[in-house]
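Taking it in order: structure first as structure tokens, then the write-up.
Numbers here simply count residues along the sequence, with the first being 1. Atom set for the values below is all heavy atoms of this structure, side chains included, hydrogens, waters and symmetry mates excluded.
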Amino acid sequence: MIISLVAICASAQYRIQCEDTCSHIHGIDMSHYQGKVFWESVGDNHKMSYLYLKASEGSDNIDKRYQENIYLAKRYGLKVGSYHFYRPRRPQQEQLTNFRAQCRPEDQDLIPMIDVETKSGMPTREFVDSLQKFLILVEKEYKQKPLVYTGENFYNSYLVGELDGYKLMIARYSAKEPVLKDGRDIYAWQYTGKGSLEGVVGYVDKSRLMGRHSLREIRFRK
């Protein structure tokens with residue numbers, strides 16, 4: 001029975017929504033790809049406990065809906081954090097400056113998140129060194145370690161043993177929970193990229209906290 005319930009919960013990306021069948025702490029991440037969002041409807045959904053919004057990418061790309069989204073999301077009572085899509089070949093300081101211009105500490109409820117999905121063709125060691133330098137810069141700027149988002153396969157291929165001390169949000173779109181080769185604890189699992197949510201037209205990424213983790217662990221310290 002328990003196994004069946006977990007399978008139903010995790011495969012909800014195509015049928016039943018996971019938060020309708022599970023008791024985990026659920027959240028979403030969004031960007032301009034969702035277009036216009038009816039935030040009053042999203043805010044009324046008490047099954048969604050947290051939200052990450054894309055703020056920036058690389059050295060000079062900003063999400064065109066970030067400022068509107070974070071203002072309205074907070075207005076309608078959501079706990080909000082911001083994320084940056086990391087481009088390994090772009091200078092780390094330029095990327096931090098871009099992120100910091102959008103992700104203002106006074107607007108944040110949750111620690112920053114760094115989205116790591118590509119090596120941009122770099123050799124693995126060079127890529128890892130680049131990422132680690134950027135994470136240190138982010139930590140110094142915000143005075144707290146960021147959350148790191150990446151996919152299960154990407155982590156197991158390039159990041160095993162390289163992100164000790166950082167909380168991880170891991171993407172795996174299947175009925176099985178993600179497993180990391182180095183046995184690292186996973187803070188949150190992004191279980192679908194095809195979730196639905198009232199107030200959002202089209203798909204939305206959904207995640208849930210793993211184990212006994214709580215939102216207190218990623219609260220932004222001001």
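- How far OH of Y155 is from NZ of K181: 11.0 Å, rounded to the nearest 0.5 Å.
- Counting heavy atoms from C-beta outward, M122 and Y158 have side chains that stay 4.5 Å or more apart.
- Considering S120, S59, S130 as possible partners of R90, the one that fulfils the side chain to side chain donor-acceptor pair (under 3.5 Å) test is S59.
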Q: Under the side-chain contact (heavy atoms from CB on, under 4.5 Å) rule, what do Q67 and Q102 come out as? Steps first, then yes or no, please.
A: CA-CA 8 Å; Q67 295 298 336; Q102 309 307 313; 3.3 Å; yes

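- Between F220 and Q144 there is a side-chain heavy-atom pair separated by less than 4.5 Å.
- Under the 3.5 Å distance criterion, the side-chain polar atoms of R100 are left unmatched by any main-chain donor or acceptor of E141.
- Here E177 pairs with R208 in a salt bridge; the nearest charged N to carboxylate O distance falls below 4.0 Å.
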Q | Criterion side-chain contact (heavy atoms from CB on, under 4.5 Å) on R221 and K143, from CA distance to verdict | A | CA-CA 8 Å; R221 301 189 306 275; K143 299 179 175 56; 5.6 Å; no

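- The two residues R172 and W189 come nearest to each other via the heavy atoms O-NE1, 2.8 Å.
- Taking the six-membered ring for Trp and thresholds of 30 and 60 degrees, H213 and Y187 have ring planes inclined between 30 and 60 degrees apart.
- The residues E106 and K222 are annotated as not salt-bridged, no charged nitrogen and carboxylate oxygen being separated by less than 4.0 angstrom.
- For the residue pair Q190 / Y173, a side-chain donor-acceptor distance below 3.5 Å is found, with atom types taken as modelled.
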**Q.** Criterion side-chain contact (heavy atoms from CB on, under 4.5 Å) on V116 and F154, from CA distance to verdict
**A.** CA-CA 9 Å; V116 184; F154 193 88; 3.9 Å; yes

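- Of the possible polar contacts, one joining the E152 side chain to the V179 backbone as a donor-acceptor pair under 3.5 Å is found.
- Side chains of K145 and K167 form no contact here, defined as non-hydrogen atoms less than 4.5 Å apart.
- Side-chain N/O atoms of K119 and T124 include a donor and acceptor closer than 3.5 Å.
- Each of K54, H32, H84 was scored for a side chain to side chain donor-acceptor pair (under 3.5 Å) with D63, with one residue passing: H32.
- Between K74 and D109 a salt bridge is recorded (basic side-chain N to carboxylate O distance below 4.0 Å).
- Taken to the nearest 0.5 Å, the CG atom of L110 stands 9.5 Å off from the CZ atom of R219.
- Ion pair D129/R125 flagged as a salt bridge, since at least one NZ, NE, NH1 or NH2 atom sits closer than 4.0 Å to an Asp/Glu carboxylate oxygen.
- Side-chain atoms of V80 and L53, non-hydrogen and from C-beta on, do get closer than 4.5 Å to each other.
- The closest side-chain heavy-atom distance from I114 to Y166 is not below 4.5 Å.
- Put simply, the side chain of Q108 never gets that close to the backbone of P105: no donor and acceptor are under 3.5 Å apart.
- Of all heavy-atom pairs spanning Y66 and C103, the tightest one is OH-CA, 3.8 Å.
- Hydrophobic clustering (side-chain heavy atoms under 4.5 Å, transitive across Ile, Leu, Val, Met, Phe, Trp, Tyr) keeps Y33 apart from L197.
- By the 4.5 Å heavy-atom criterion applied to side chains, P88 and T118 are counted as neighbours.
- Smallest separation of non-hydrogen atoms from Q34 and V204: NE2-CA, 4.1 Å.
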Q: Apply the test ring-ring contact (aromatic ring centres under 6.0 Å, His included) to residues F134 and Y86: give CA-CA distance (whole Å), side-chain angles for both, the deciding distance (0.1 Å), then the verdict.
A: CA-CA 9 Å; F134 181 67; Y86 184 63; 4.9 Å; yes

**Q.** Criterion side-chain contact (heavy atoms from CB on, under 4.5 Å) on Y203 and T192, from CA distance to verdict
**A.** CA-CA 9 Å; Y203 293 134; T192 182; over 6 Å; no

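- The side-chain contact (heavy atoms from CB on, under 4.5 Å) test with P178 is passed by exactly one of N156, I170, L168: I170.
- Taken from CG in L131 to CG in L163, the straight-line distance is 6.0 Å, to the nearest 0.5 Å.
- In plain terms, the two heavy atoms of K206 and S196 that are nearest each other are NZ-O, 2.7 Å.
- In this pair, H26 and Y191 present their aromatic rings perpendicular. The plane angle is above 60°, beyond the 30 to 60° band.
- With Y50 as the fixed residue, the side-chain contact (heavy atoms from CB on, under 4.5 Å) test singles out one of I218, L209, I28: L209.
- A heavy-atom distance below 4.5 Å is found between the side chains of W39 and N69.
- Between D115 and F85 the shortest heavy-atom distance is OD2-CD1, 3.4 Å.
- Cluster membership check: V42 does not share its hydrophobic cluster with F38, using side-chain heavy-atom separations under 4.5 Å among Ile, Leu, Val, Met, Phe, Trp and Tyr.
- Cluster membership for Y71 and I62, using ILVMFWY side-chain heavy atoms within less than 4.5 angstrom, is not shared.
- Across all their heavy atoms, N98 and S56 have their closest contact at ND2-CB, 3.5 Å.
- Contact of the D164 side chain with the R184 side chain is registered, since non-hydrogen atoms from C-beta on lie closer than 4.5 Å.
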